[in-house]
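To keep things clear, I will list the structure first and then write my remarks on it.
First the proteins, then the strands, lettered A, B, ... as listed; each starts at 1. Note that these values count all heavy atoms, side chains included, but never hydrogens, waters or copies made by symmetry.
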Amino acid sequence: MLFELAIKTKHSMKFDIEEWYKDLNKGDIILSHYGNISASGITVMLDKIEQEVNERAEKSKLRKRVHNVMIEALQNLYHHTDNPPKNVINKFGKNFATFVLKKESENNYSFTSGNFIDKNRIKSLKDRMDQINYLTSEELKILYKLILNNDEFSDKGGGGLGLVDIAKRTGHEYNYTFNNYTDDFYFFCLTITIST
Amino acid sequence: METLSLQGSPKTPTIEMNAESGVIEIKGRSIPENSIDFYRPVVEWLDSYAETAAEVTEVNIQLEYFNTSSSKCILDVFKKLENVFKNNGEKGVTINWYYEEDDEDMLEAGEDYQSILKIPFKMIELEE
């Protein structure tokens with residue numbers, strides 16, 4: 001539904017990334033980021049997240065779950081953010097990604113990320129997330145093992161194993177929107193809920 | 001055959017593979033961006049080891065975290081060990097999968113591998 005709405009608004013309004021990020025970046029923030037995402041940057045971010053979650057004295061089960069999901073979610077961002085046209089890169093920089101990890105309530109964290117995506121990649125990603133949202137936890141377990149044991153899986157995490165892994169761990173649906181930015185690029189916003 | 005030793009880092013596990021004693025250990029975190037490159041020497045070592053394996057091979061896996069990119073490589077490692085198991089029979093390979101108390105996700109990961117493979121796994125809970 002949200003996807004359709006975003007498509008309909010195509011030429012009428014460009015998605016306001018700064019405003020969206022500003023609204024999101026409120027509450028009990030564990031870590032937020034707005035800018036280039038790199039492999040070395042992820043290492044530093046994961047360290048910071050671990051420290052911040054430790055300071056909140058969470059139970060080890062939740063602490064580990066948050067960390068596991070963050071490893072996968074940040075590496076997904078790093079591997080799959082697309083570079084938009086030059087004029088947009090001039091504004092946001094290369095390999096731009098943004099995210100906010102926050103504690104929503106006791107035993108409940110949320111992670112919301114945003115990155116550019118080539119419009120040609122939207123359908124397959126949307127289909128994969130809809131499929132995952134539709135599956136039961138038992139079915140997700142079976143799908144995970146099927147993809148894991150499939151020789152076509154690539155080192156980049158192809159086959160969407162990362163997304164299946166996150167859903168299998170969290171047990172929550174993906175909430176997402178694809179928001180038009182240029183003719184060929186959308187801004188993909190994804191929210192993951194992590195709880196025990 | 002030489003022992004393969006890889007020192008751990010914040011993103012890669014400590015690996016010790018001793019052909020003489022037949023003890024193979026993988027410990028720590030396995031979250032590199034490029035897991036295939038990291039696990040290549042491990043898989044190659046196991047290819048050679050399968051031909052001259054010790055009578056009993058003991059595999060100790062104690063991972064705190066691993067990413068999905070590593071999960072595929074770890075499966076490749078187990079598949080190489082499955083060859084050793086096929087050659088050496090039931091007592092030939094033992095896989096000890098360690099997980100911390102309360103870490104149900106890590107226990108489940110071990111069970112996932114167990115269900116894909118035809119080697120016996122021992123699930124061992126570590127007290128915190």
Side-chain angles (χ1 to χ4, degrees), chain A residues 37-47 50 58-79 137-138 140-171 194 196, chain B residues 8-13 28-43 62-82 98-119 121 125-128:
Chain A
I37 190 151
S38 66
S40 56
I42 289 176
T43 311
V44 177
M45 290 169 193
L46 286 173
D47 265 358
E50 199 167 23
E58 303 295 0
K59 286 185 186 141
S60 75
K61 193 176 171 184
L62 180 63
R63 192 166 43 81
K64 281 181 185 155
R65 188 162 288 173
V66 169
H67 203 72
N68 262 312
V69 171
M70 282 308 100
I71 291 167
E72 220 51 58
L74 296 186
Q75 290 188 340
N76 258 350
L77 270 182
Y78 167 70
H79 284 301
S137 60
E138 278 308 305
L140 277 174
K141 242 181 122 163
I142 294 166
L143 179 64
Y144 176 86
K145 282 193 271 184
L146 271 176
I147 301 172
L148 177 64
N149 204 14
N150 174 351
D151 288 339
E152 285 167 26
F153 177 82
S154 78
D155 190 46
K156 214 177 161 185
L161 191 59
L163 283 174
V164 178
D165 180 76
I166 292 169
K168 187 164 86 80
R169 288 180 194 279
T170 65
I194 312 159
T196 53
Chain B
S9 78
K11 285 195 172 180
T12 56
R29 297 181 175 200
S30 183
I31 57 167
E33 273 79 18
N34 190 336
S35 300
I36 289 178
D37 280 355
F38 176 77
Y39 280 97
R40 187 170 290 121
V42 176
V43 171
Q62 192 180 328
L63 291 167
E64 197 186 355
Y65 295 110
F66 63 93
N67 59 2
T68 51
S69 157
S70 297
S71 66
K72 169 67 181 164
C73 296
I74 294 167
L75 179 63
D76 287 343
V77 166
F78 285 140
K79 284 189 170 170
K80 296 290 172 191
L81 288 163
E82 210 170 32
Y98 292 88
Y99 65 99
E100 281 178 28
E101 197 182 353
D102 290 341
D103 195 349
E104 288 164 22
D105 292 355
M106 192 55 81
L107 170 64
E108 195 178 302
E111 288 170 348
D112 284 347
Y113 284 121
Q114 191 175 25
S115 72
I116 293 172
L117 297 151
K118 291 184 185 70
I119 335 174
F121 272 62
E125 188 179 88
L126 293 160
E127 281 180 32
E128 274 187 85

| query | In a check of side chain to side chain donor-acceptor pair (under 3.5 Å) between Asp105(B) and each of Arg65(A), Lys64(A), Lys61(A), Lys168(A), which one passes? | reply | Arg65(A)

State the [atom1]-[atom2] distance between [X] and [Y], to the nearest 0.5 angstrom.
X: Asp102(B); Y: Leu62(A); atom1: CG; atom2: CG; value: 12.0 Å
X: Gln75(A); Y: Ser69(B); atom1: CD; atom2: OG; value: 7.0 Å
X: His79(A); Y: Asn34(B); atom1: NE2; atom2: CG; value: 8.0 Å
X: Ile74(B); Y: Leu148(A); atom1: CD1; atom2: CG; value: 9.5 Å
X: Glu72(A); Y: Phe66(B); atom1: CD; atom2: CZ; value: 9.5 Å
X: Ile147(A); Y: Thr68(B); atom1: CD1; atom2: OG1; value: 10.0 Å

| field | Proximity breakdown for Thr43(A) and chain B, heavy-atom pairs closer than 4.5 Å | value | both

| said: Let's go through His67(A) and Glu64(B) carefully: what are the C-alpha distance in whole Å and the side-chain angles of both, what is the deciding distance for side chain to side chain contact (heavy atoms under 4.5 Å, CB included) to 0.1 Å, and is it a yes or a no? | reply: CA-CA 10 Å; His67(A) 203 72; Glu64(B) 197 186 355; over 6 Å; no

| query | Side chain, backbone, both or neither: which part of Ile116(B) has an atom under 4.5 Å from a heavy atom of chain A? | reply | side chain

| Heavy-atom pairs under 4.5 Å with chain A, option from Lys11(B), Glu100(B), Met106(B), Glu104(B) with the top count | Lys11(B)

| request: Apply the test side chain to side chain contact (heavy atoms under 4.5 Å, CB included) to residues Glu50(A) and Tyr65(B): give CA-CA distance (whole Å), side-chain angles for both, the deciding distance (0.1 Å), then the verdict. | output: CA-CA 12 Å; Glu50(A) 199 167 23; Tyr65(B) 295 110; 4.2 Å; yes

